[in-house]
Amino acid sequence: MQDRTYTADAEPGDDVTVAGWVHEIRDLGGIAFLILRDTAGKIQIKFEKDEMDEDLVETGLDASRESVVRVSGAVEEEPRAPTGVEITPEDVEVVAPADPELPLDPSGKVDADLSTRLDNRTLDLRKEEVQAVFEIRSEILRAVRERFREFRCTEITTPKIVATGTEGGTELFPITYFGEEAFMNQSPQLFKQLIAGSNVERVFEIGPIFRAEEHNTPRHLNEATSIDFEGAFCDESDAMDVAEGIVTAAYEAVNENCSEELEALDLEDEFDIPEGEFPRLSYEEAIERINATGELDEQLVWGDDLSTEAEKALGQDVGGHYFITDWPSEIKPFYIKDHDDDEQLSTGFDLMHPRMELVSGGQREHRHEHLIEGFEQQGLDPDQFEYYTKMFKYGMPPHAGFGLGGERLIMTILGLENIREAVLFPRDRQRLSP
Ligand code: ATP
Ligand code: AMO
């Protein structure tokens with residue numbers, strides 16, 4: 001590492017070398033200031049024109065905004081400086097100049113639309129509030145990992161190039177794999193089940209999923225981060241407990257460890273950790289409540305999937321996170337187990353945030369014959385899935401799990417308008433680079 005002090009660590013009395021970007025130059029005539037920004041914050045560099053070496057003043061004050069500079073000098077207390085200290089420079093070096101024509105303004109004085117921001121992510125991330133989103137994302141993923149480890153789960157990674165899809169054929173991205181048709185994986189579903197059926201028993205994965213969703217919405221990505229859980233000897237109620245624990249852990253970690261980032265996002269006064277146990281409504285209760293709100297043009301009937309409007313109406317009615325349980329079997333995938341006493345009802349559940357669905361999960365069909373029947377009912381050829389189904393012949397315990405959309409979690413925790421704000425380089429219908 002180069003000998004360098006972060007701006008936040010520069011204390012009065014120190015001789016330091018700081019390095020970072022020219023955030024702003026304020027020229028007041030006889031005195032001028034360069035505000036230098038690094039990952040830790042900002043610091044004021046003072047140039048007294050008549051008292052300092054001319055070349056040094058020129059180098060500092062001619063540097064264009066966003067150029068990288070390295071400055072050495074003495075740190076002094078200065079109550080009028082933005083951070084209460086300033087550096088009187090002895091040496092200034094322009095390490096990497098910036099073109100004065102910037103495609104977006106990292107000081108945030110000029111607003112940029114999301115598309116311009118995503119096209120110029122490096123500059124966009126120089127904004128404190130944008131950096132804060134990704135610091136929080138990192139903290140959320142750390143906390144989620146830690147909570148899974150407390151639940152005695154093993155972290156796994158599974159293939160992203162696969163032979164078959166699991167979540168519906170229309171949403172697959174086909175690729176060519178040495179002349180054979182293959183796909184980008186939509187979900188680690190089948191792999192995580194295969195591992196939960198081994199002695200490993202409880203697993204989690206945080207990894208990419210790929211969905212060829214045609215529609216362009218503020219909550220869908222074509223490449224998303226899925227936070228998956230699967231546990232042997234678990235039922236759907238256990239999986240719901242784990243999902244609730246993971247979501248709560250994320251909120252707690254942000255609340256405890258991200259106060260500066262919340263401040264940068266103006267959220268410090270309105271950040272609440274969800275309270276108590278998330279209510280569990282059956283699908284039947286859910287449609288009754290939605291119909292009772294009178295928000296929909298047409299009443300829902302048993303068997304209907306919930307539209308975005310229906311989810312919104314219920315979200316407003318409930319007012320916090322909640323589960324929808326006992327979905328009709330016919331609208332849940334083949335791997336979800338039905339209730340033993342009612343084949344029309346599945347053990348599938350969703351965990352909802354008032355704004356949108358966060359999680360899908362359920363207990364899995366672990367009985368080989370029933371699993372094969374499920375494939376056939378869904379119009380899938382079980383032979384294509386033999387690598388998966390055959391393991392159900394060798395002692396597959398009852399098991400359950402879920403998938404949680406990582407970006408949706410971040411988006412709902414921070415109240416972001418658009419899911420793309422929670423990804424560095426989002427993939428959507430229009431965007432394949434950067
Ligand atoms: P000099 O300071 O060299 O006499 P000047 O007349 O341009 O030159 P000041 O009158 O000291 O400078 O200050 C001009 C403006 O800059 C004032 O509004 C003052 O509050 C502000 N200022 C001066 N020094 C600092 C500093 N170290 N940090 C922040 N603001 C400062
Ligand atoms: P599902 O398809 O419901 O379930 O996906 C689980 C969760 O992943 C998130 N998600 C998405 N986020 C952003 N963009 C997308 N295109 C996208 N698609 C899904 C959502 C969703 O709730 N195998 C099951 C999970 C399981 O049963 O374990 C599955 O994939 O937050």
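Between the R37 side chain and the H23 main chain, no donor and acceptor come within less than 3.5 Å of each other. With hydrogens and angles ignored, the 3.5 Å screen pairs no side-chain donor or acceptor of R211 with any backbone N or O of L221. R219 contributes no side-chain N or O that, together with a main-chain N or O of R408, makes up a donor-acceptor pair within less than 3.5 Å.
By the side chain to side chain donor-acceptor pair (under 3.5 Å) test, T325 pairs with no residue at all, sequence neighbours left out. N185 pairs by the side chain to side chain donor-acceptor pair (under 3.5 Å) definition with nothing, not counting sequence neighbours. Here R65 pairs with D105 under the salt bridge (charged side-chain N to carboxylate O under 4.0 Å, His left out) rule; sequence neighbours left out. Remark: F173 engages M184, F210, A212, N222 in a side chain to side chain contact (heavy atoms under 4.5 Å, CB included) (not counting sequence neighbours).
Checked by atom type, the side-chain pair S226/D228 shows a donor-acceptor distance below 3.5 Å. Side-chain contact annotation: D113 with T116, donor-acceptor N/O pair under 3.5 Å present. Of the N and O atoms on the side chains of T164 and Y387, at least one donor lies less than 3.5 Å from an acceptor on the other residue. With 3.5 Å as the limit, one finds no donor-acceptor pair spanning the side chains of E236 and S346.
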What's the verdict on side-chain contact (heavy atoms from CB on, under 4.5 Å) for R80 and E86, showing C-alpha distance, side-chain angles and the deciding distance? CA-CA 9 Å; R80 288 169 298 179; E86 67 184 6; over 6 Å; no
Pair R117-V130, side-chain contact (heavy atoms from CB on, under 4.5 Å): steps then yes or no: CA-CA 10 Å; R117 291 178 46 202; V130 182; 3.7 Å; yes
In sequence, state the C-alpha distance, the side-chain angles, and the governing distance for K332 and D350, and then conclude on salt bridge (charged side-chain N to carboxylate O under 4.0 Å, His left out). CA-CA 11 Å; K332 283 289 170 187; D350 286 355; 3.0 Å; yes
CA sep, side-chain torsions, deciding dist, call: K337, R364, side-chain contact (heavy atoms from CB on, under 4.5 Å): CA-CA 5 Å; K337 190 172 172 293; R364 316 309 188 181; 5.8 Å; no
From CA spacing to verdict: side-chain contact (heavy atoms from CB on, under 4.5 Å), L314, M352: CA-CA 10 Å; L314 187 55; M352 311 293 296; over 6 Å; no
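Other residues, nucleotides and ligands contribute more than 12 heavy atoms inside 6.0 Å of the CD atom of E285. Shown here is K312, whose NZ atom has no more than 12 heavy atoms of other residues, nucleotides or ligands within 6.0 Å. The neighbour count for F233 CZ, taken as heavy atoms of other residues, nucleotides or ligands under 6.0 Å away, is above 12. Annotation for E277: atom CD does not count as buried by contact number, only 12 or fewer foreign heavy atoms lying within 6.0 Å. No more than 12 heavy-atom neighbours from other residues, nucleotides or ligands sit within 6.0 angstrom of OH on Y6. Around CD of E77, the count of heavy atoms belonging to other residues, nucleotides or ligands within 6.0 Å does not exceed 12.
The aromatic rings of H399 and H366 lie perpendicular to each other, with more than 60° between the two planes, well past the 30° mark.
If you take CG on L102 and CG on N120, they are separated by 9.5 Å, rounding to the nearest 0.5 Å. Expressed to the nearest 0.5 Å, how far CZ of R429 lies from NE2 of H215 amounts to 10.5 Å. Distance CD1/I206 to CZ/R145: 4.0 Å, rounded to 0.5 Å. Q193 contributes atom CD, which lies 8.0 Å from atom OH of Y335 (distance to the nearest 0.5 angstrom). Between atom CG of residue D235 and atom OG1 of residue T347 there is a gap of 8.5 Å, rounded to the nearest 0.5 Å. Atoms CG and CG, from D269 and D272 in turn, are 10.5 Å apart once rounded to the nearest 0.5 Å.
The pair K49-E58 fails the salt-bridge criterion, with no side-chain N (NZ, NE, NH1 or NH2) lying under 4.0 Å from an Asp/Glu carboxylate O. Ionic pairing of E155 and R149 is not present here: no N-O contact between side-chain nitrogen and carboxylate oxygen is shorter than 4.0 angstrom. A salt bridge does not link K42 to E24: none of the charged side-chain nitrogens sits closer than 4.0 Å to a carboxylate oxygen. A salt bridge is absent between K192 and E205; no separation between the charged side-chain nitrogens and carboxylate oxygens falls under 4.0 Å. At a threshold of 4.0 Å, the pair D91-R70 does not count as salt-bridged, since none of the basic side-chain nitrogens sits closer than that to a carboxylate oxygen.
Between E78 and K46 there is no side-chain heavy-atom pair separated by less than 4.5 Å. For the pair D124 and P106, the minimum side-chain heavy-atom distance is 4.5 Å or more.
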Quick one: side chains of residues 416-426, donor-acceptor pairs under 3.5 Å with protein atoms, not counting sequence neighbours, listed by atom name and distance.
unit_1, atom_1, unit_2, atom_2, d
N418, OD1, R420, N, 2.9
N418, OD1, R420, NH1, 3.0
R420, NE, D428, OD2, 2.6
R420, NH1, T217, O, 3.1
R420, NH2, N216, OD1, 2.6
R420, NH2, D428, OD2, 3.4
E421, OE2, N418, N, 3.2

N/O donor to acceptor pairs below 3.5 angstrom from side-chain atoms of residues 248-265, sequence neighbours left out:
unit_1, atom_1, unit_2, atom_2, d
T248, OG1, E244, O, 2.7
E252, OE1, R147, NH2, 3.3
N257, ND2, E139, OE2, 2.8

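Among all heavy-atom pairs drawn from D326 and Y283, the shortest one is O-CB, 3.4 Å.
A cation-pi arrangement is present between R280 and F323, with the terminal nitrogen or guanidinium carbon under 6.0 Å from the aromatic centre and inside a 45° cone about the axis.
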